[in-house]
Engineer: 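I have a structure here, written as structure tokens, and I will follow up with some questions on it.
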Amino acid sequence: MIRRLTRTVLMGSVAAAAAFALAGCGSGFGGNSNGGGNSSGSGGLTSSKDPLTVLIGSSGDAETAAVTSAVADWSSSSGTKATVIPASNLDQQLAQGFAAKKPADVFYLSTGSLPGYAANGSLLAYGSKLPSSLTSDFYPSLVKNFTYDGKLYCAPKDFSTLQLIVNTDDWQAAGLTDADYPKTWDQLSADAKKLTSGSTTGLVVSGQYERLGAFMVEAGGNLTNADSTKVTANSQANVDALTYAQGLLKDGSMKFAADVGAGWGGEAFGKNLGAMTIEGNWISGAMSSDYPSVHYKVVPLPAGPKGMGTLQFTNCWGIAADSPNQKAALALVEKLTSKDDQLAFAKAFGVMPSIQSAASEWKQEFPQYAPFLDASDYAQGTPTLKGVANVITDLDGKIAQLKTTDPKTILDSAQSNLQALLK
Amino acid sequence: MTDVARRRGTIRQGEAASGWLFTAPVLALLALFLVIPILMALWVSFSDWGGRGSPFAAGVHFVGLKNYETITRGGGLAEQNFGQSLRNNLWYVILVVPIQTTIALVLASLVNSQRLKGRGFFRTAFYFPSVTSSVAITVLWLFLFNTTGAVNKVLSWVGIHGPNWFNEPQGVLHAILGAFGATNGPGALVNHGFLGVSWWDWLAGPSWAMSALILLAVFTTSGTFMLLFLAALQNLSGDLQEAAMVDGANAWERFTRITLPQLRPTLFTVVTLGLIGCWQVFDQVYVATDGGPDGTTLTPAFLSYQASFINQDWGQGAAIAFILFVIIVVFTLIQRWVLRERAVSKRRRLNPVPAKVAGLPVGEVER
């Protein structure tokens with residue numbers, strides 16, 4: 001009798017466990033639920049009482065604190081709860097969220113990830129729902145970076161550009177003056193040669209497209225056209241740019257960071273393994289925290305055969321298509337891209353505002369970094385094509401061997417790999 | 001009597017049901033966390049699922065072998081990366097498995113020796129790398145093998161200019177050939193290839209970066225397998241050893257003719273675990289190199305992750321995982337065949353070579 005009872009209880013609990021397990025799975029398999037939100041809100045956006053989650057790929061405590069406080073301000077004024085989660089691996093956590101149909105509502109999104117997520121429908125293309133005073137205030141080149149299939153998918157969060165960073169002590173020691181800051185490629189070669197002595201190389205950069213691409217833009221090229229609709233990787237301009245860089249490598253006045261034992265250009269620069277480097281405005285944080293005794297100056301990269309040029313990098317505030325509270329998410333993004341918030345972010349962690357109206361105040365605040373912002377007139381973005389990350393990784397691997405490899409060969413393979421992405 | 005028989009019958013009848021019942025929780029868990037996910041992944045590898053929502057939702061289509069074709073004969077970067085990852089991992093397996101097995105066996109024999117003092121200390125010391133987080137050891141490795149790091153410093157004492165370990169994509173064999181002036185391979189090897197990688201590159205050997213990871217794997221896993229061998233060695237009875245000693249076999253003969261054959265089951269376990277672990281190497285690549293320099297530390301496991309999570313090509317990622325699965329099964333079957341118990345001919349049974357241990361009961365040796 002007792003045994004039978006035990007068996008019944010056991011059987012019951014097994015059945016219950018199985019039922020729970022299947023129910024747990026069920027919501028994942030369903031496919032069409034949108035998490036309890038309803039899409040009858042204004043302009044086809046979902047709205048609900050659900051709290052928001054904000055997933056950020058933070059550069060450190062300063063950034064996390066600044067974003068958290070800005071979001072908390074918004075929460076208290078709007079009455080919608082919102083939590084900021086600093087991601088340990090943004091790409092992976094985003095992908096998991098989208099696959100589970102329970103993504104973060106608002107998140108950082110890079111230009112490289114945008115096409116993939118836009119193509120599979122994970123993103124809300126909310127650009128048209130932003131007030132036009134805001135969209136016209138964004139730098140046009142940033143808007144282009146986040147436009148996919150003719151639609152602006154997300155609001156640019158901030159941006160950075162590459163410029164030449166010069167160690168002023170080395171500069172003076174080499175007998176150079178302010179008048180010698182390079183204006184042309186030839187001057188850069190001459191300066192780099194003069195600055196090379198002992199363990200210090202004139203110019204040390206990370207050996208990748210994301211740095212040497214600046215030379216491509218100066219020569220009038222880039223991997224693709226501005227809309228990423230035409231591949232121009234093996235254009236003569238790009239060949240010229242890499243040939244110029246190869247020349248610097250061959251005469252020893254330029255080295256790649258990896259070849260001097262540094263992780264990136266900033267590290268080589270801070271350790272004085274290089275007297276100059278090409279980096280973006282993020283270098284200011286690294287210099288003040290890791291190498292506070294190094295004196296440096298930011299100057300514009302020299303003009304190439306086709307004038308001034310550099311690369312820009314940017315992120316945007318993505319909103320998930322599966323968010324149950326898109327209306328609130330949109331309001332939050334508007335607040336986070338406002339002038340006040342962007343200037344607060346700039347002070348906290350050194351980024352450049354994505355809106356033109358904040359430019360003059362930013363330059364007043366950071367006159368020493370003005371060349372980074374000035375570059376917004378001529379900087380170009382990196383290609384935005386689905387799967388481009390792989391191609392650029394492959395290209396970077398080959399550029400690291402530039403000293404001994406024919407530039408045309410490197411660019412030809414990038415051309416065919418990028419062409420394959422266009423379809 | 002009949003009563004007993006009848007009752008026994010009912011008990012037997014109930015047993016099958018009870019058996020199922022008692023294993024049901026585990027079966028349910030296995031199905032939920034193993035079988036269903038594997039079947040889902042298999043479906044993903046044949047679908048165009050883009051990474052949003054359920055792979056079984058309405059908008060996901062069956063695309064046949066398209067994902068498999070892209071990575072095996074698509075002619076693009078995907079095929080090239082897959083070929084390169086297989087090449088890298090093949091060298092990794094070829095070098096790591098034999099080296100770590102040999103070292104583990106040697107270490108186990110050493111710490112099993114009755115004469116060694118402080119055996120406990122050595123056992124702990126050898127096992128220590130295995131229990132330390134692989135991420136921590138990988139970071140340590142990055143420092144040691146930095147171009148200005150400790151390893152190159154030591155090499156410089158003996159007059160060797162060490163390579164720029166984690167940034168040097170050149171294969172080790174190519175580097176050796178290059179030292180003899182052979183920098184370009186013969187056209188037959190350079191112009192033909194397999195999976196987008198030329199035969200010349202297949203034969204390049206592991207890059208310096210991969211070599212560092214190979215040393216890392218040997219360093220961390222030898223201790224684990226030492227423990228397996230040690231357990232097996234301690235299970236062996238001393239009788240055979242003594243009998244062989246009486247017959248005049250020396251230490252080497254006793255090891256190769258008596259100990260080693262008895263360790264065959266453990267050897268099989270160690271090599272199988274080693275093979276599986278080596279084909280699935282991921283964390284070191286993820287932490288140390290992200291597949292670089294120039295893709296020479298890409299492995300199929302890492303490529304599968306990269307294709308899925310970074311590039312949103314989930315079908316390709318799943319396809320890579322299943323090809324990897326097939327490779328692991330094939331390798332395990334091959335080594336099972338190599339390590340199989342060979343039938344011994346009657347004549348050899350009666351006359352085992354060498355004559356020195358001939359007095360032994362052969363069946364015992366084979367056991």
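Chain naming here is simple, since letters A, B, ... match the order of the sequence lines and numbering starts at 1 in each.
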Engineer: Under a 4.5 Å cutoff for heavy-atom pairs, which residue among B/Leu142, B/Asn164, B/Val60 has the most contacts with chain A?
Structural biologist: B/Asn164
Engineer: Nearest 0.5 Å please: distance from the OG atom of B/Ser308 over to the CH2 atom of B/Trp49.
Structural biologist: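 Those atoms lie 8.5 Å apart.
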Engineer: What is the distance from atom OG of A/Ser113 to atom CZ of B/Phe309, rounded to the nearest 0.5 Å?
Structural biologist: 13.5 Å
Engineer: What heavy-atom pair brings B/Thr23 and B/Gly19 nearest, and what distance separates the two atoms?
Structural biologist: OG1-O, 2.8 Å
Engineer: Check A/Asn390, A/Thr393, A/Asp91 against B/Asn311 for a side chain to side chain donor-acceptor pair (under 3.5 Å) and give me the one that passes.
Structural biologist: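 Only match with B/Asn311 under side chain to side chain donor-acceptor pair (under 3.5 Å): A/Asn390.
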Engineer: Step by step, work out the side-chain hydrogen bond (donor to acceptor under 3.5 Å, both in side chains) result for A/Gln419 and A/Gln415.
Structural biologist: CA-CA 6 Å; A/Gln419 203 74 53; A/Gln415 175 82 19; 3.3 Å; yes
Engineer: Quick one: OG1 on A/Thr53 to CG on A/Asn325, what's the gap to the nearest 0.5 Å?
Structural biologist: 10.5 Å
Engineer: Using a heavy-atom cutoff of under 4.5 Å, enumerate the residues of residues 398-407 of chain A that contact chain B, numbered in order, or state 'none'.
Structural biologist: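 Heavy-atom contacts from residues 398-407 of chain A to chain B are A/Lys398, A/Gln401.
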Engineer: Using atom types as modelled, flag every donor-acceptor pair under 3.5 Å from a side chain in residues 143-150 of chain B to any protein atom, sequence neighbours excluded.
Structural biologist:
{"from": "B/Asn146", "atom 1": "OD1", "to": "B/Thr148", "atom 2": "N", "distance (Å)": "2.9"}
{"from": "B/Asn146", "atom 1": "OD1", "to": "B/Thr148", "atom 2": "OG1", "distance (Å)": "3.2"}

Engineer: Looking at B/Phe180, I want to see if its CZ is surrounded by more than 12 non-hydrogen atoms of other residues, nucleotides or ligands under 6.0 Å.
Structural biologist: no
Engineer: Using heavy atoms and a sub-4.5 Å threshold, report which of residues 41-48 of chain B line up against chain A, by residue number.
Structural biologist: none
Engineer: Does the ring center of A/Tyr117 lie less than 6.0 Å from the ring center of A/Phe107?
Structural biologist: no
Engineer: Pick one of side chain, backbone, both or neither for A/Asn89, based on which atoms fall under 4.5 Å of a heavy atom in chain B.
Structural biologist: side chain
Engineer: Looking at every non-hydrogen atom in both residues, tell me the closest pair between B/Ser85 and B/Thr299 and how far apart they are.
Structural biologist: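 Nearest heavy atoms, B/Ser85 then B/Thr299: CB-C, 3.6 Å.
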Engineer: Could you measure the distance from the CG atom of B/Leu298 to the CG atom of B/Asn89? Nearest 0.5 Å is fine.
Structural biologist: 10.5 Å
Engineer: How would you list, in number order, the residues of residues 282-291 of chain B that have a heavy atom less than 4.5 Å from chain A?
Structural biologist: B/Tyr286
Engineer: Looking at B/Arg52, B/Gln170, B/Gln312, which makes the most heavy-atom pairs under 4.5 Å with chain A?
Structural biologist: B/Arg52
Engineer: Heavy atoms only, distances under 4.5 angstrom: which of A/Val388, A/Asp259, A/Leu94, A/Leu395 has the most pairs with chain B? Name it, please.
Structural biologist: A/Asp259
Engineer: So what's closer than 4.5 Å to chain B heavy atoms on A/Asn417: side chain, backbone, both or neither?
Structural biologist: side chain
Engineer: Name the option with the most non-hydrogen atom pairs under 4.5 Å to chain A; the candidates are B/Asp313, B/Thr296, B/Leu77.
Structural biologist: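 Among B/Asp313, B/Thr296, B/Leu77, the one with the most close pairs to chain A is B/Leu77.
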Engineer: Using modelled atom types and a 3.5 Å cut-off, is there a donor and acceptor pairing between side-chain atoms of A/Asp50 and backbone atoms of A/Pro324?
Structural biologist: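 No: the side chain of A/Asp50 does not pair with the backbone of A/Pro324.
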Engineer: What distance separates B/Asp201 CG from B/Gln84 CD, expressed to the nearest 0.5 Å?
Structural biologist: 7.5 Å
Engineer: Evaluate the ring-ring contact (aromatic ring centres under 6.0 Å, His included) criterion for residues B/Trp141 and B/Phe166: first the C-alpha distance (whole Å), next the side-chain angles of each, then the deciding distance (0.1 Å), finally the verdict.
Structural biologist: CA-CA 10 Å; B/Trp141 231 247; B/Phe166 280 109; 8.9 Å; no
Engineer: Looking at every non-hydrogen atom in both residues, tell me the closest pair between B/Ala212 and B/Trp165 and how far apart they are.
Structural biologist: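 Shortest heavy-atom contact: CB-CE3, 4.1 Å.
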Engineer: I need the B/Arg87 CZ to B/Met210 CE distance, nearest 0.5 Å.
Structural biologist: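 Atom-to-atom, B/Arg87:CZ and B/Met210:CE are 8.0 Å apart.
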Engineer: Where on A/Ser122 is there a heavy atom nearer than 4.5 Å to chain B: the side chain, the backbone, both, or neither?
Structural biologist: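 Both parts, backbone and side chain.
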Engineer: Please flag which part of A/Val391 lies under 4.5 Å from any non-hydrogen atom of chain B: side chain, backbone, both or neither.
Structural biologist: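 Both backbone and side chain of A/Val391 come within 4.5 Å of chain B.
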Engineer: How far apart are the C-alpha atoms of A/Leu114 and A/Leu123, what are their side-chain angles, what is the distance that settles it, and do they pass the side chain to side chain contact (heavy atoms under 4.5 Å, CB included) test?
Structural biologist: CA-CA 8 Å; A/Leu114 175 90; A/Leu123 299 178; 3.6 Å; yes
